[in-house]
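This report concerns only the one structure given below.
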Amino acid sequence: MAGEGDSEPRKSFKLLGFLDVQSVPCSRESVLYGSVGSLVVGLGYFLATSRVRRSCDFAVGGFICTTLGYWFYCRYNLAQQRIRQRMLKEAVRNKILYEGSHLDPTRKQTGNERSDS
Amino acid sequence: MANHSQLGFQDASSPIMEELVEFHDHALMVALAICSLVLYLLTLMLMEKLSSNTVDAQEVELIWTILPAIVLILLALPSLQILYMMDEIDEPDLTLKAIGHQWYWSYEYTDFKDLSFDSYMIPTTDLPLGHFRLLEADHRVVIPMESSIRIIITADDVLHSWTVPTLGVKTDAIPGRLNQTSFIATRPGIFYGQCSEICGANHSFMPIVVESTPLIHFENWSSLLSS
């Protein structure tokens with residue numbers, strides 16, 4: 001229906017003033033997972049050792065490692081997805097372009113099957 | 001084009017610019033991690049008493065040597081990949097020349113026909129309603145979309161720079177030298193840029209307007225212009 005959906009553009013939220021987590025793919029998940037990882041590691045270390053200062057150190061380390069770790073994993077998958085999208089786009093375009101002509105790849109396959117039988 | 005309060009990149013209209021935006025996001029995430037660490041260490045140090053008891057710091061020196069090396073490698077590898085990608089030259093579909101003058105650009109399409117024109121900024125007083133101030137030009141550089149375009153850039157008098165941010169192109173125009181760059185416009189549209197090397201009084205008033213169209217429209221335009 002008209003009028004439904006995003007009527008206002010989303011306001012950007014910049015972490016530390018420069019990372020726009022809403023528009024950069026994978027950044028929101030990285031920061032969220034990083035925060036959870038930081039809590040888990042820090043709290044876990046504190047429960048195990050009751051050392052406050054060192055728990056904070058581990059919490060910060062956990063944040064950085066989890067954020068960066070998930071970031072690389074997510075960006076790698078995103079890059080692979082983009083490559084697959086490009087290949088798919090190219091294949092669809094070629095199929096439409098060459099359909100029915102001697103360059104049609106599906107026609108070549110059918111021709112090979114007939115010659116084998 | 002960018003809006004008035006924009007800080008980030010414009011949306012990419014070429015594969016190289018898409019890669020540059022991705023790399024920029026990657027670099028910002030690494031910067032976020034480093035800034036978080038530095039902020040935390042700074043806070044710790046502000047809460048500590050000053051001490052001169054440290055005489056040996058082998059472990060921490062090892063850490064702050066190896067970690068920055070790892071960070072540099074994480075940044076350098078994708079950066080070099082894009083750098084070499086930018087220097088790849090596939091067989092271009094179209095070659096055009098851009099010549100910087102004080103204070104306008106002239107373009108030559110000499111592949112198939114002898115086609116050349118000048119591109120002056122449209123003054124604000126003559127600007128039609130809804131057009132962009134200081135960005136519109138009387139003649140646009142029309143290029144076919146999804147085709148490899150090679151552009152050879154030079155200047156007639158002083159240094160200029162041919163820039164179109166959304167295509168990821170910025171190349172200096174140097175008198176007596178031919179600089180070459182190539183790009184592919186992945187989508188149709190009108191892309192704006194401005195001269196990026198100080199060249200005199202009207203340096204801010206010699207914009208670049210690139211119009212990317214499907215090939216058939218590009219052929220119509222070129223035949224109209226050359227006739």
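Lettering follows sequence order; numbering is per chain, from 1.
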For atom [atom1] of [X], is the number of surrounding heavy atoms from other residues, nucleotides or ligands below 6.0 Å larger than 12?
X: A:Phe72; atom1: CZ; result: yes
X: B:Ile216; atom1: CD1; result: no
X: B:Gln58; atom1: CD; result: no

Atom CG of B:Asp25 and atom CH2 of A:Trp71: how far apart are they, to the nearest 0.5 Å? 5.5 Å
Say you draw a straight line from OG1 of A:Thr67 to CG of B:Leu32; how long is it, rounded to the nearest 0.5 Å? 7.0 Å
Applying a criterion of heavy atom separation less than 4.5 Å, what residues of residues 83-93 of chain A form contacts with chain B?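 Contacts with chain B: A:Arg86, A:Lys89, A:Arg93.
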Contact residues of residues 41-60 of chain A (partner chain B; heavy-atom separation under 4.5 angstrom): A:Arg53, A:Cys56, A:Asp57, A:Val60
Intermediate values then yes/no, side chain to side chain contact (heavy atoms under 4.5 Å, CB included), B:Leu28 and A:Val24: CA-CA 10 Å; B:Leu28 276 192; A:Val24 175; 5.9 Å; no
State which residues pass side chain to side chain contact (heavy atoms under 4.5 Å, CB included) with B:Met17; sequence neighbours excluded, sorted by chain then number. B:Phe9, B:Ala12, B:Ser14, B:Leu20, B:Val21
[X] to [Y] - nearest heavy-atom pair and separation:
X: A:Leu68; Y: B:Val30; answer: CD2-CA, 4.4 Å
X: A:Arg75; Y: B:Glu22; answer: NH2-O, 3.1 Å
X: A:Ser30; Y: B:Met29; answer: CB-CE, 4.1 Å

At a heavy-atom separation under 4.5 Å, does B:His24 approach chain A through its side chain, its backbone, both, or neither? neither
Under 3.5 Å, which donor-acceptor pairs link side chains of residues 61-87 of chain B to any protein atom two or more places apart or in another chain?
{"from": "B:Thr65", "atom 1": "OG1", "to": "B:Glu61", "atom 2": "O", "distance (Å)": "2.7"}

